[in-house]
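Working notes, structure below.
The figures that follow rest on heavy atoms only: side chains count, while hydrogens, waters and symmetry mates do not.
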Amino acid sequence: MGRGDLTNMEWSILEPHLPPSGGRGGRWSDHRTVINGIIFRVRTGVPWRDLPERYGPWKTVYERHRRWSADGTWDRILCAVQADADLGGRIDWSMIGVDSTSCRAHQHAAGASKATPRIPKKGTTPRHHRTDEGLGRSRGGLTCKVHLAGEGGCRPLALLLTPGQWGDAPQMVNVLERIRVPRPNGGRPRTRPDRVSGDKAYSSRRNRRYLRRRHIKHTIPEPRDQRANRRRRGSKGGRPAGFDKEQYKRRNEVERTINRIKNFRAVATRYEKRAYVFHSTVTVASIRLWLRT
(Lines give C-alpha, C1' and ligand atoms only; values in the text may rest on other atoms or scores of the structure.)
Protein backbone atom coordinates (compact mmCIF):
# COMPACT_ATOMS: atom_id res chain seq x y z
CA MET A 1 0.00 0.00 0.00
CA GLY A 2 1.43 3.34 -1.07
CA ARG A 3 1.32 6.63 0.77
CA GLY A 4 -2.20 8.08 0.66
CA ASP A 5 -3.86 4.87 -0.54
CA LEU A 6 -7.04 3.58 1.05
CA THR A 7 -6.58 1.58 4.23
CA ASN A 8 -8.46 -1.67 4.81
CA MET A 9 -10.95 0.10 7.08
CA GLU A 10 -11.56 2.88 4.57
CA TRP A 11 -11.95 0.35 1.77
CA SER A 12 -14.52 -1.60 3.80
CA ILE A 13 -16.60 1.60 4.05
CA LEU A 14 -16.28 2.47 0.37
CA GLU A 15 -16.56 -0.95 -1.29
CA PRO A 16 -20.33 -1.58 -0.73
CA HIS A 17 -21.19 1.63 -2.62
CA LEU A 18 -19.19 0.92 -5.78
CA PRO A 19 -20.69 -0.34 -9.06
CA PRO A 20 -20.61 -4.15 -9.36
CA SER A 21 -17.31 -5.55 -10.63
CA GLY A 22 -16.91 -7.99 -13.48
CA GLY A 23 -19.60 -8.21 -16.10
CA ARG A 24 -19.11 -8.39 -19.82
CA GLY A 25 -15.44 -7.90 -20.65
CA GLY A 26 -14.56 -7.41 -16.96
CA ARG A 27 -14.54 -3.65 -17.43
CA TRP A 28 -14.91 -2.77 -13.75
CA SER A 29 -12.56 -5.38 -12.29
CA ASP A 30 -10.03 -4.46 -9.59
CA HIS A 31 -11.76 -1.36 -8.26
CA ARG A 32 -9.35 -0.78 -5.38
CA THR A 33 -6.21 -0.43 -7.50
CA VAL A 34 -7.87 1.95 -9.95
CA ILE A 35 -9.47 4.11 -7.23
CA ASN A 36 -6.13 4.36 -5.43
CA GLY A 37 -4.66 5.57 -8.72
CA ILE A 38 -7.38 8.21 -9.05
CA ILE A 39 -6.82 9.37 -5.47
CA PHE A 40 -3.06 9.52 -6.07
CA ARG A 41 -3.55 11.75 -9.10
CA VAL A 42 -6.05 14.03 -7.27
CA ARG A 43 -3.69 14.31 -4.30
CA THR A 44 -0.51 15.01 -6.26
CA GLY A 45 -1.82 16.65 -9.44
CA VAL A 46 0.56 14.72 -11.71
CA PRO A 47 -0.37 14.17 -15.38
CA TRP A 48 -2.35 10.99 -15.93
CA ARG A 49 0.45 9.53 -18.04
CA ASP A 50 2.86 9.84 -15.10
CA LEU A 51 0.91 7.60 -12.73
CA PRO A 52 3.10 4.99 -11.00
CA GLU A 53 3.01 1.51 -12.55
CA ARG A 54 1.55 -0.03 -9.39
CA TYR A 55 -1.85 1.45 -10.33
CA GLY A 56 -1.92 -0.26 -13.73
CA PRO A 57 -2.29 1.37 -17.16
CA TRP A 58 -2.88 5.10 -16.86
CA LYS A 59 -5.53 4.96 -19.59
CA THR A 60 -7.64 2.57 -17.50
CA VAL A 61 -7.47 4.86 -14.46
CA TYR A 62 -8.29 7.97 -16.47
CA GLU A 63 -11.16 6.41 -18.41
CA ARG A 64 -12.84 5.12 -15.26
CA HIS A 65 -12.61 8.53 -13.64
CA ARG A 66 -14.03 10.19 -16.75
CA ARG A 67 -16.89 7.70 -17.14
CA TRP A 68 -17.85 7.90 -13.47
CA SER A 69 -17.71 11.68 -13.76
CA ALA A 70 -20.10 11.65 -16.71
CA ASP A 71 -22.75 9.28 -15.36
CA GLY A 72 -22.80 10.67 -11.80
CA THR A 73 -21.23 7.64 -10.08
CA TRP A 74 -18.93 9.79 -7.96
CA ASP A 75 -21.92 11.89 -6.81
CA ARG A 76 -23.81 8.75 -5.76
CA ILE A 77 -20.78 7.44 -3.87
CA LEU A 78 -20.44 10.75 -2.00
CA CYS A 79 -24.12 10.64 -1.00
CA ALA A 80 -23.76 7.04 0.20
CA VAL A 81 -20.67 7.82 2.28
CA GLN A 82 -22.42 10.84 3.81
CA ALA A 83 -25.44 8.66 4.61
CA ASP A 84 -23.22 6.21 6.50
CA ALA A 85 -21.67 9.08 8.44
CA ASP A 86 -25.07 10.54 9.30
CA LEU A 87 -26.30 7.13 10.44
CA GLY A 88 -23.36 6.95 12.83
CA GLY A 89 -24.03 10.49 14.11
CA ARG A 90 -20.82 11.87 12.59
CA ILE A 91 -22.38 14.89 10.81
CA ASP A 92 -22.65 18.13 12.75
CA TRP A 93 -25.93 19.68 11.54
CA SER A 94 -25.88 22.45 14.17
CA MET A 95 -24.24 24.89 11.74
CA ILE A 96 -23.47 24.64 8.03
CA GLY A 97 -21.03 27.18 6.60
CA VAL A 98 -21.23 28.39 3.01
CA ASP A 99 -18.18 29.84 1.28
CA SER A 100 -16.27 29.79 -2.01
CA THR A 101 -12.70 29.50 -3.17
CA SER A 102 -11.02 30.39 -6.46
CA CYS A 103 -8.90 27.78 -8.23
CA ARG A 104 -6.37 28.92 -10.78
CA ALA A 105 -6.76 27.13 -14.09
CA HIS A 106 -3.65 25.75 -15.72
CA GLN A 107 -3.03 26.62 -19.35
CA HIS A 108 -3.89 23.02 -20.24
CA ALA A 109 -7.41 23.57 -18.88
CA ALA A 110 -8.24 25.87 -21.80
CA GLY A 111 -9.15 24.83 -25.31
CA ALA A 112 -11.98 22.37 -24.70
CA SER A 113 -13.96 21.33 -27.76
CA LYS A 114 -17.08 23.40 -28.44
CA ALA A 115 -19.05 20.23 -29.19
CA THR A 116 -21.31 18.99 -26.38
CA PRO A 117 -19.76 15.92 -24.69
CA ARG A 118 -21.70 12.67 -24.61
CA ILE A 119 -21.67 9.70 -22.24
CA PRO A 120 -20.18 6.72 -24.10
CA LYS A 121 -22.80 4.24 -25.42
CA LYS A 122 -25.66 6.33 -23.97
CA GLY A 123 -25.66 9.49 -26.04
CA THR A 124 -26.74 11.69 -23.12
CA THR A 125 -25.04 14.80 -21.76
CA PRO A 126 -22.81 14.26 -18.69
CA ARG A 127 -24.00 15.52 -15.34
CA HIS A 128 -22.69 18.95 -14.29
CA HIS A 129 -21.76 19.82 -17.87
CA ARG A 130 -21.49 23.56 -18.47
CA THR A 131 -21.27 25.26 -21.83
CA ASP A 132 -18.78 27.76 -20.35
CA GLU A 133 -16.81 24.84 -18.82
CA GLY A 134 -16.74 26.75 -15.51
CA LEU A 135 -13.86 28.96 -16.64
CA GLY A 136 -13.79 32.73 -16.17
CA ARG A 137 -11.20 35.30 -17.12
CA SER A 138 -9.85 37.78 -14.58
CA ARG A 139 -6.71 39.85 -14.12
CA GLY A 140 -4.78 36.78 -13.10
CA GLY A 141 -5.92 34.71 -16.06
CA LEU A 142 -8.36 31.81 -16.21
CA THR A 143 -9.97 30.95 -12.88
CA CYS A 144 -12.65 28.60 -11.61
CA LYS A 145 -14.65 29.02 -8.41
CA VAL A 146 -15.83 26.21 -6.13
CA HIS A 147 -18.81 27.07 -3.91
CA LEU A 148 -19.37 24.62 -1.07
CA ALA A 149 -21.31 23.99 2.11
CA GLY A 150 -19.30 22.48 4.94
CA GLU A 151 -20.48 20.88 8.18
CA GLY A 152 -19.00 21.30 11.64
CA GLY A 153 -16.55 18.43 11.16
CA CYS A 154 -14.79 20.33 8.34
CA ARG A 155 -16.10 18.11 5.54
CA PRO A 156 -18.04 19.28 2.46
CA LEU A 157 -21.73 18.43 2.18
CA ALA A 158 -22.39 19.96 -1.26
CA LEU A 159 -20.44 21.83 -3.92
CA LEU A 160 -21.05 23.88 -7.04
CA LEU A 161 -18.71 24.90 -9.86
CA THR A 162 -18.87 28.32 -11.56
CA PRO A 163 -16.55 30.64 -13.50
CA GLY A 164 -14.16 32.58 -11.30
CA GLN A 165 -15.77 36.01 -11.74
CA TRP A 166 -19.23 34.94 -10.55
CA GLY A 167 -20.42 36.39 -7.24
CA ASP A 168 -21.00 34.44 -4.04
CA ALA A 169 -24.43 35.65 -2.92
CA PRO A 170 -26.39 34.47 -6.01
CA GLN A 171 -25.01 30.92 -5.56
CA MET A 172 -25.93 30.44 -1.90
CA VAL A 173 -29.39 29.05 -2.61
CA ASN A 174 -28.04 26.75 -5.33
CA VAL A 175 -25.45 25.30 -2.96
CA LEU A 176 -27.94 24.73 -0.13
CA GLU A 177 -30.37 23.06 -2.53
CA ARG A 178 -27.68 20.46 -3.29
CA ILE A 179 -27.49 19.26 0.32
CA ARG A 180 -29.24 15.91 0.26
CA VAL A 181 -28.12 13.19 2.69
CA PRO A 182 -30.16 9.95 2.36
CA ARG A 183 -31.45 8.04 5.36
CA PRO A 184 -30.68 4.30 4.97
CA ASN A 185 -33.30 3.34 7.57
CA GLY A 186 -36.08 5.05 5.62
CA GLY A 187 -37.53 8.51 5.38
CA ARG A 188 -36.83 11.54 3.28
CA PRO A 189 -33.22 12.64 2.77
CA ARG A 190 -32.08 15.34 5.15
CA THR A 191 -31.66 18.66 3.38
CA ARG A 192 -32.04 21.27 6.14
CA PRO A 193 -29.41 22.18 8.75
CA ASP A 194 -30.20 23.91 12.03
CA ARG A 195 -28.25 27.05 11.16
CA VAL A 196 -26.37 28.50 8.18
CA SER A 197 -23.41 30.87 8.42
CA GLY A 198 -21.91 33.09 5.77
CA ASP A 199 -19.72 36.16 5.50
CA LYS A 200 -20.83 39.62 4.33
CA ALA A 201 -20.75 38.53 0.70
CA TYR A 202 -23.87 36.41 1.32
CA SER A 203 -25.93 39.19 2.89
CA SER A 204 -28.93 39.80 0.64
CA ARG A 205 -32.70 39.97 1.02
CA ARG A 206 -33.11 36.99 -1.30
CA ASN A 207 -30.87 34.74 0.81
CA ARG A 208 -32.41 35.81 4.13
CA ARG A 209 -35.93 35.37 2.74
CA TYR A 210 -35.04 31.88 1.51
CA LEU A 211 -33.66 30.85 4.91
CA ARG A 212 -36.70 32.22 6.75
CA ARG A 213 -39.05 30.39 4.42
CA ARG A 214 -37.27 27.10 5.22
CA HIS A 215 -37.17 27.91 8.97
CA ILE A 216 -33.37 27.87 9.03
CA LYS A 217 -31.58 30.16 11.47
CA HIS A 218 -28.75 32.16 9.97
CA THR A 219 -25.64 34.01 11.10
CA ILE A 220 -24.74 36.44 8.32
CA PRO A 221 -23.29 39.89 9.13
CA GLU A 222 -24.86 42.89 7.44
CA PRO A 223 -22.45 45.13 5.49
CA ARG A 224 -22.15 48.77 6.47
CA ASP A 225 -23.68 50.09 3.25
CA GLN A 226 -26.74 47.85 3.64
CA ARG A 227 -27.23 49.03 7.22
CA ALA A 228 -26.99 52.66 6.12
CA ASN A 229 -29.46 52.11 3.30
CA ARG A 230 -31.92 50.41 5.64
CA ARG A 231 -31.75 53.27 8.15
CA ARG A 232 -32.12 55.85 5.42
CA ARG A 233 -35.40 54.30 4.33
CA GLY A 234 -36.80 54.45 7.85
CA SER A 235 -39.68 52.10 8.61
CA LYS A 236 -39.72 50.92 4.98
CA GLY A 237 -36.21 49.58 5.36
CA GLY A 238 -37.31 46.75 7.62
CA ARG A 239 -35.95 45.50 10.90
CA PRO A 240 -32.23 44.92 11.53
CA ALA A 241 -30.96 41.47 10.65
CA GLY A 242 -30.19 39.33 13.68
CA PHE A 243 -26.54 38.51 14.23
CA ASP A 244 -24.90 36.37 16.94
CA LYS A 245 -21.20 37.08 17.40
CA GLU A 246 -20.65 33.92 19.43
CA GLN A 247 -22.13 31.73 16.70
CA TYR A 248 -20.08 33.54 14.07
CA LYS A 249 -16.89 32.35 15.78
CA ARG A 250 -17.56 28.99 14.16
CA ARG A 251 -17.13 30.61 10.77
CA ASN A 252 -13.61 29.19 10.62
CA GLU A 253 -15.01 25.68 10.16
CA VAL A 254 -15.93 26.17 6.52
CA GLU A 255 -12.63 27.97 5.89
CA ARG A 256 -10.78 24.98 7.34
CA THR A 257 -12.86 22.73 5.11
CA ILE A 258 -11.65 24.68 2.07
CA ASN A 259 -8.05 24.43 3.28
CA ARG A 260 -8.37 20.67 3.65
CA ILE A 261 -9.89 20.15 0.23
CA LYS A 262 -7.28 22.37 -1.44
CA ASN A 263 -4.51 20.25 0.03
CA PHE A 264 -5.32 18.08 -2.98
CA ARG A 265 -3.16 19.65 -5.68
CA ALA A 266 -5.50 18.73 -8.53
CA VAL A 267 -8.16 20.84 -6.75
CA ALA A 268 -5.95 23.81 -5.89
CA THR A 269 -4.98 24.04 -9.58
CA ARG A 270 -7.43 22.98 -12.23
CA TYR A 271 -5.98 20.92 -15.08
CA GLU A 272 -9.20 19.46 -16.58
CA LYS A 273 -10.68 21.03 -19.68
CA ARG A 274 -14.21 19.80 -18.97
CA ALA A 275 -16.17 21.20 -16.06
CA TYR A 276 -17.90 17.91 -15.24
CA VAL A 277 -14.54 16.13 -14.89
CA PHE A 278 -13.15 18.81 -12.57
CA HIS A 279 -16.39 18.71 -10.56
CA SER A 280 -15.78 15.02 -9.96
CA THR A 281 -12.15 15.66 -9.10
CA VAL A 282 -13.36 17.89 -6.25
CA THR A 283 -15.93 15.21 -5.38
CA VAL A 284 -13.22 12.54 -5.12
CA ALA A 285 -11.28 14.80 -2.75
CA SER A 286 -14.47 15.22 -0.68
CA ILE A 287 -15.02 11.45 -0.56
CA ARG A 288 -11.45 11.02 0.65
CA LEU A 289 -12.09 13.42 3.52
CA TRP A 290 -15.29 11.62 4.51
CA LEU A 291 -13.51 8.25 4.59
CA ARG A 292 -10.95 9.47 7.10
CA THR A 293 -12.04 8.60 10.61
Checking [X] side chain against [Y] main chain: does a donor-acceptor pair fall under 3.5 Å?
{"X": "Arg90", "Y": "Gly153", "value": "no"}
{"X": "Asp99", "Y": "Glu255", "value": "no"}
{"X": "Glu133", "Y": "Glu272", "value": "no"}
{"X": "Gln82", "Y": "Leu157", "value": "yes"}
{"X": "Ser12", "Y": "Met9", "value": "yes"}
{"X": "Lys145", "Y": "Gln165", "value": "no"}
{"X": "Arg178", "Y": "Arg180", "value": "no"}
{"X": "His279", "Y": "Ser69", "value": "no"}
{"X": "Arg213", "Y": "Ile216", "value": "no"}
{"X": "Arg183", "Y": "Asp86", "value": "no"}

Run the side-chain hydrogen bond (donor to acceptor under 3.5 Å, both in side chains) check on Arg67 and Thr73 step by step: do they pass?
-> CA-CA 8 Å; Arg67 288 174 180 268; Thr73 299; over 6 Å; no
Using the ring-ring contact (aromatic ring centres under 6.0 Å, His included) rule, take His17 and Trp290 through it: C-alpha gap first, then chi angles, then the decisive distance, then the call.
-> CA-CA 14 Å; His17 309 304; Trp290 280 101; over 10 Å; no
Tell me, please, which residues at least two apart from Thr33 pass side chain to side chain donor-acceptor pair (under 3.5 Å).
-> Asp30
With Lys262, which residues qualify under side chain to side chain donor-acceptor pair (under 3.5 Å), at least two apart?
-> Thr101
Answer yes or no: are there more than 12 heavy-atom neighbours, outside [X] itself, under 6.0 Å from its atom [atom1]?
{"X": "Arg292", "atom1": "CZ", "result": "yes"}
{"X": "Arg137", "atom1": "CZ", "result": "no"}
{"X": "Lys217", "atom1": "NZ", "result": "no"}
{"X": "Arg260", "atom1": "CZ", "result": "yes"}

Taking the side chain as everything from C-beta on, heavy atoms only, tell me whether [X] gets closer than 4.5 Å to [Y].
{"X": "Asp5", "Y": "Ile39", "result": "no"}
{"X": "Ser280", "Y": "His128", "result": "no"}
{"X": "Tyr202", "Y": "Val175", "result": "no"}
{"X": "Trp74", "Y": "Leu78", "result": "no"}
{"X": "Val284", "Y": "Phe264", "result": "no"}
{"X": "Leu161", "Y": "Val146", "result": "yes"}

Do Tyr271 and His108 pass the ring-ring contact (aromatic ring centres under 6.0 Å, His included) test, and can you show the C-alpha distance, the side-chain angles, and the key distance before you say yes or no?
-> CA-CA 6 Å; Tyr271 299 99; His108 293 165; 7.8 Å; no
Check whether [X] and [Y] end up in the same hydrophobic cluster, where Ile, Leu, Val, Met, Phe, Trp and Tyr are linked by side-chain heavy atoms less than 4.5 Å apart.
{"X": "Leu291", "Y": "Trp68", "result": "yes"}
{"X": "Leu148", "Y": "Met95", "result": "no"}
{"X": "Val61", "Y": "Tyr276", "result": "no"}
{"X": "Leu142", "Y": "Val267", "result": "no"}
{"X": "Trp166", "Y": "Leu135", "result": "no"}

If you measure only the distance, is there a donor-acceptor pair under 3.5 Å linking the side chains of [X] and [Y]?
{"X": "Arg251", "Y": "Thr219", "value": "no"}
{"X": "Thr125", "Y": "Arg118", "value": "yes"}
{"X": "Thr162", "Y": "His147", "value": "yes"}
{"X": "Arg192", "Y": "His215", "value": "no"}

Between Glu246 and Lys249, is a salt bridge (charged side-chain N to carboxylate O under 4.0 Å, His left out) present by the stated rule, with each step listed?
-> CA-CA 5 Å; Glu246 290 299 320; Lys249 290 180 179 179; 3.2 Å; yes
So how far is it from [X] [atom1] to [Y] [atom2], rounded to the nearest 0.5 Å?
{"X": "Ile96", "Y": "Arg250", "atom1": "CD1", "atom2": "CZ", "answer": "8.5 Å"}
{"X": "Arg209", "Y": "Arg206", "atom1": "CZ", "atom2": "CZ", "answer": "9.5 Å"}
{"X": "Arg66", "Y": "Ile119", "atom1": "CZ", "atom2": "CD1", "answer": "10.0 Å"}
{"X": "Glu151", "Y": "Ser94", "atom1": "CD", "atom2": "OG", "answer": "9.0 Å"}
{"X": "Asn252", "Y": "Ile258", "atom1": "CG", "atom2": "CD1", "answer": "11.5 Å"}
{"X": "Ile35", "Y": "Ile287", "atom1": "CD1", "atom2": "CD1", "answer": "8.5 Å"}

Grab the two heavy atoms, one from [X] and one from [Y], that are nearest each other, plus how far apart they are.
{"X": "Cys154", "Y": "Thr257", "answer": "CA-OG1, 3.0 Å"}
{"X": "Pro156", "Y": "Leu289", "answer": "CD-CD1, 4.1 Å"}
{"X": "Gly97", "Y": "Val254", "answer": "O-CG2, 3.4 Å"}
{"X": "Glu10", "Y": "Thr7", "answer": "OE1-N, 3.1 Å"}
{"X": "Pro126", "Y": "Pro117", "answer": "CD-O, 3.2 Å"}
{"X": "Ile179", "Y": "Ala149", "answer": "CD1-CB, 4.0 Å"}

Please test Arg195 against Asp244 for salt bridge (charged side-chain N to carboxylate O under 4.0 Å, His left out), starting from the C-alpha separation and ending with a verdict.
-> CA-CA 11 Å; Arg195 182 182 292 269; Asp244 190 336; 5.3 Å; no
For His218, which of Val98, Leu211, Asn207 qualifies under side chain to side chain contact (heavy atoms under 4.5 Å, CB included)?
->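 When side chain to side chain contact (heavy atoms under 4.5 Å, CB included) is applied between His218 and each of Val98, Leu211, Asn207, only Leu211 qualifies.
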Taking the six-membered ring of Tyr55 as reference, does the NZ or CZ atom of Arg41 fall below 6.0 Å from its centre and within a 45° cone about the axis?
-> no
What do the steps show when you test Arg208 against Ser203 for side-chain hydrogen bond (donor to acceptor under 3.5 Å, both in side chains), and what is the final call?
-> CA-CA 7 Å; Arg208 297 182 191 275; Ser203 178; 2.9 Å; yes
Check against ring-ring contact (aromatic ring centres under 6.0 Å, His included), Trp58 and Trp48 = CA-CA 6 Å; Trp58 72 269; Trp48 290 101; 8.0 Å; no
Are Glu15 and Arg32 close enough, and set up right, to give a salt bridge (charged side-chain N to carboxylate O under 4.0 Å, His left out), and what steps lead you there?
-> CA-CA 8 Å; Glu15 186 179 17; Arg32 186 171 184 175; over 6 Å; no
